[in-house]
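Just below is one structure, and these are the notes that go with it.
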2 protein chains.
Amino acid sequence: MFPYPQLQQFTQNIFLAIGLSEADAILATNVLLSADLRGIDSHGIARLSGYVRLWEAGRINATPNIKIVHETPSTAVVDGDRGLGLVVGPKAMEIIIQKAKQVGTGWVSVKNSNHFGIAGYHAMMALPHDMIGLAMTNASPLVAPTFSVERLLGTNPIAVAIPAKDQPPFVADLATTTAANGKLEILQRKGLDAPIGWIQDAAGNNSTNTHELKNGGALLPLGGEHGSHKGYALGAVVDIFSAVLSGANYGPWVPPFVSFLPLPANPVGEGIGHFFGAMRVDAFRPADEFKQHMDNWIKTFRSAKPKAGQDAVLIPGDPEREMTTRRLESGIPLLDPVIKDLETLGQRFGLKL
Amino acid sequence: MFPYPQLQQFTQNIFLAIGLSEADAILATNVLLSADLRGIDSHGIARLSGYVRLWEAGRINATPNIKIVHETPSTAVVDGDRGLGLVVGPKAMEIIIQKAKQVGTGWVSVKNSNHFGIAGYHAMMALPHDMIGLAMTNASPLVAPTFSVERLLGTNPIAVAIPAKDQPPFVADLATTTAANGKLEILQRKGLDAPIGWIQDAAGNNSTNTHELKNGGALLPLGGEHGSHKGYALGAVVDIFSAVLSGANYGPWVPPFVSFLPLPANPVGEGIGHFFGAMRVDAFRPADEFKQHMDNWIKTFRSAKPKAGQDAVLIPGDPEREMTTRRLESGIPLLDPVIKDLETLGQRFGLKL
């Protein structure tokens, strides 16, 4: 178990070492480690060395000039200048929170960015402003559309955060696949098989091999046998909102997270893309009235009768919030390969984990 | 096979007979029958007598005063005054298309409405304006959240329509369940079993009985065994955006479509709720540039290599568009029980099918 402040200090020092400003290093650390706190181990500190390798490969700009390149009262397109998505994302959210204050809602499509950690962090930035937050991002192509043997979409997550009054907020954060790639990485680290329905092989048949993607296999869209066209449609919407609206790369042109894979030839845009939204609750009805009804919504669902063998019906965000409390108290567990990877990374910069 | 104009005339006359204005009768007919044209037989003319029974029960106002009750430059809440959702929906879409012209995007949450036909129709209203359209609605509780034996959500569809240039538009329209209730109704009319994964029984076990909902069973959220928490989260977002934002009924309080079921006691809002969005494409980048990239996106996905046994990878909206062409040409097939139901309905008003 690693105490959160220890991982925080280490991560911050790594980001400083690759040239981020102090403010950006603090921000990027908070965003990245929010994944570890929320129990989404695949998207947290386990990826720190991956971000550093992208920086080494010249694909991440440590001191980006993040700017609005087009806007209307309720919209913007932001150029991330090849910055860390961990930094670009929150700055884009800040822009639309200001727009929502002015005209009720704000919406931004971001180009020329990199991976932004967990979508939920960005969506949740809206909550203290009594706003609903939305966040989505495209990602490198690992997912085969329905009927396809080719990989054309990323795991393209959607997050929605909705404030309540006395109840904790509703926070949904979901990949538009049966399982996020990070879940596969965890099975790989543990040496386990994947359940049927997560993966297909190069010919499009079901597979349980977590390394199938290296043989031309693909992740499957949310929905499985009778409904994968729905997950495909949702992942496609995320891709289009994030990249076709902004001018980022889409579909098979989205750059890979791993630095050892080449960038796709003939790019159709710049970097990867995100899409964020912020809606002021009181642009619809008085905030207090809305939040009282959200409390009622949450209490109604949480008190529904559970199936035999289940303790309770959960509200999206419940498990992650409980995990955060537990991990802030007792520390964050890291798998051995992750610890070794971080130690090696630290040595390069003369930093101790 | 029934020629489209014949069904159109009949439906319009029924709507006139229950007191709609001529303009509203034409509009409601176009919305309702767009389902039959697009091959979503469950949501079209098969439901006409259901709407009439709601009107008879005093739950639908044939001459509603549809009005904005709250607004900001980019948002509105609309009170549907118990009108047909088939009429309220398009009027709400018109309001936000105007808002999008002014400030880039428009968003409306609607209360005090009724069922609005297929979500796709409303989303597609944005297309001629070079806007992206979004439409969602809540519906009466037939779906059990993950781990629940109680039904707390409707099939809560999400539709997204995105314009292209020379290619036809991208139109996704999906219930947030494994299968929409309408698909179940079709199996019932045909006397067939449901596949595993669509339905659970009153204790939460898998069932193939299409009549299981009458015994306390429930439809299942999109995602199946490993992912139903994702469909649950999406359906919940639709419920909250449609009803908690607007002041409509949510969760277990959403009124049933069938008039023989009583209205839920102690309602938490008015009628059912919808949520619509319109985003001007050129609020992000020049419309022509966007639409050229959409063409490239569509062509790339459509030309992906299909699995053995599949002709081609489809774009959301492809099957429905091809169906529309075919049915406008050769007519619309109706099942015998639907024909009988329409004939009985016609007799009541002295109208021939």
Side-chain angles (χ1 to χ4, degrees), chain A residues 70 72-75 77 103-105 107 109 145-150 152 160 162 170 172 174 178-179 195 197-198 203-204 222-224 226-227 230 233-234 236-237 240 244-247 250-252 268 279 283-285 290 293-294 296-297 300-301 304-308 310 312-314 316, chain B residues 70 72-75 77 103-105 107 109 145-150 152 160 162 170 172 174 178-179 195 197-198 203-204 222-224 226-227 230 233 236-237 240 244-247 250-252 268 279-280 283-285 290 293-294 296-297 300-301 304-308 310 312-314 316:
Chain A
H70 187 82
T72 70
S74 76
T75 67
V77 168
V103 296
T105 67
W107 307 86
S109 190
T146 307
F147 299 160
S148 171
V149 298
E150 288 182 48
L152 292 173
V160 182
I162 305 174
F170 173 108
L174 51 112
T178 310
W198 288 25
L222 178 65
H226 301 289
K230 299 187 180 189
L234 290 170
V237 167
I240 294 165
V244 185
L245 271 181
S246 66
Y250 46 79
V268 293
M279 300 196 286
F284 295 91
R285 72 192 292 189
F290 174 85
H293 278 286
M294 271 310 294
N296 187 42
W297 193 100
T300 302
F301 279 66
K305 189 183 166 201
K307 281 187 205 189
Q310 300 294 347
V313 174
L314 303 177
Chain B
H70 187 82
T72 71
S74 76
T75 68
V77 168
V103 296
T105 67
W107 307 86
S109 190
T146 307
F147 301 159
S148 171
V149 298
E150 286 181 49
L152 293 173
V160 183
I162 305 174
F170 172 107
L174 52 111
T178 310
W198 288 25
L222 177 64
H226 301 290
K230 299 187 181 190
V237 167
I240 294 165
V244 185
L245 271 181
S246 66
Y250 46 81
V268 292
M279 300 197 285
R280 230 171 64 211
F284 295 92
R285 72 192 291 191
F290 174 86
H293 278 286
M294 271 310 295
N296 187 42
W297 192 101
T300 302
F301 278 67
K305 190 182 167 202
K307 279 186 206 191
Q310 299 295 344
V313 174
L314 303 177

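Each chain gets a letter, A, B and so on, in the order its sequence line appears, and its residues count up from 1.
The shortest side-chain heavy-atom distance between B/Tyr250 and A/Phe301 does not fall under the 4.5 Å cut-off. For the pair A/Asn296/B/Val268, a side-chain contact is recorded, criterion being any heavy-atom separation below 4.5 Å from C-beta on. Counting heavy atoms from C-beta on, the side chains of A/Thr146 and B/Leu314 never come closer than 4.5 Å. Within the 4.5 Å cutoff, the side chain of B/Val237 has heavy atoms near those of the A/Phe170 side chain. A/Val149 has its side chain out of reach of B/Pro306: every pair of non-hydrogen atoms, C-beta onward, lies at least 4.5 Å apart.
The minimum heavy-atom distance linking B/Glu150 with A/Lys305 is given by the pair OE2-N, 2.7 Å. Residues A/Thr178 and B/Lys230 come closest through the heavy atom pair O-NZ, 3.6 Å. The heavy-atom pair separating B/Gly223 from A/Leu222 by the smallest distance is CA-CD1, 3.7 Å. Between A/Leu245 and B/Arg285, the shortest heavy-atom contact is O-CD, 3.4 Å. Shown here for A/Thr72 and B/Gly104, the closest heavy-atom pair between the two residues is OG1-CA, 3.6 Å.
With chain A as partner, the option from B/Gly197, B/Ala308, B/Pro316 having the largest number of non-hydrogen pairs under 4.5 angstrom is B/Pro316. When A/Ala233, A/Gly204, A/Ala283 are compared by the number of non-hydrogen pairs under 4.5 Å with chain B, A/Ala283 comes out ahead. Ranked by heavy-atom pairs under 4.5 Å with chain A, the list B/Pro145, B/Ala172, B/Ala304 is led by B/Ala304. Between chain A and the options B/Ser246, B/Pro252, B/Pro195, the largest number of non-hydrogen pairs under 4.5 Å is found for B/Pro195. Ranking B/Val160, B/Val313, B/Val244 against chain A, the residue ahead of the rest is B/Val244, based on heavy-atom pairs under 4.5 Å. Counting heavy-atom pairs closer than 4.5 Å to chain A, the top residue among B/Gly227, B/Gly251, B/Ala236 is B/Ala236. Per-residue counts of heavy-atom pairs under 4.5 Å with chain B were compared for A/Thr300, A/Leu234, A/Val103; the largest is that of A/Val103.
Aromatic ring centres of A/His70 and B/Phe284: separated by at least 6.0 Å.
With a 4.5 Å cut-off on non-hydrogen atoms, B/Ala203 touches chain A through its backbone but not through its side chain. Residue B/Ala312 touches chain A through its backbone alone, counting heavy-atom pairs closer than 4.5 Å. Of the two parts of B/Ile162, only the side chain, counted from C-beta on, holds a non-hydrogen atom closer than 4.5 Å to a non-hydrogen atom of chain A.
For the pair A/Lys307 (side chain) and B/Ser148 (backbone), a donor-acceptor distance under 3.5 Å is absent. Between the B/Ser74 side chain and the A/Thr105 main chain, a donor and an acceptor come within less than 3.5 Å of each other.
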Worked verdict on B/Met279 versus A/Thr75 for side-chain contact (heavy atoms from CB on, under 4.5 Å): CA-CA 9 Å; B/Met279 300 197 285; A/Thr75 67; over 6 Å; no
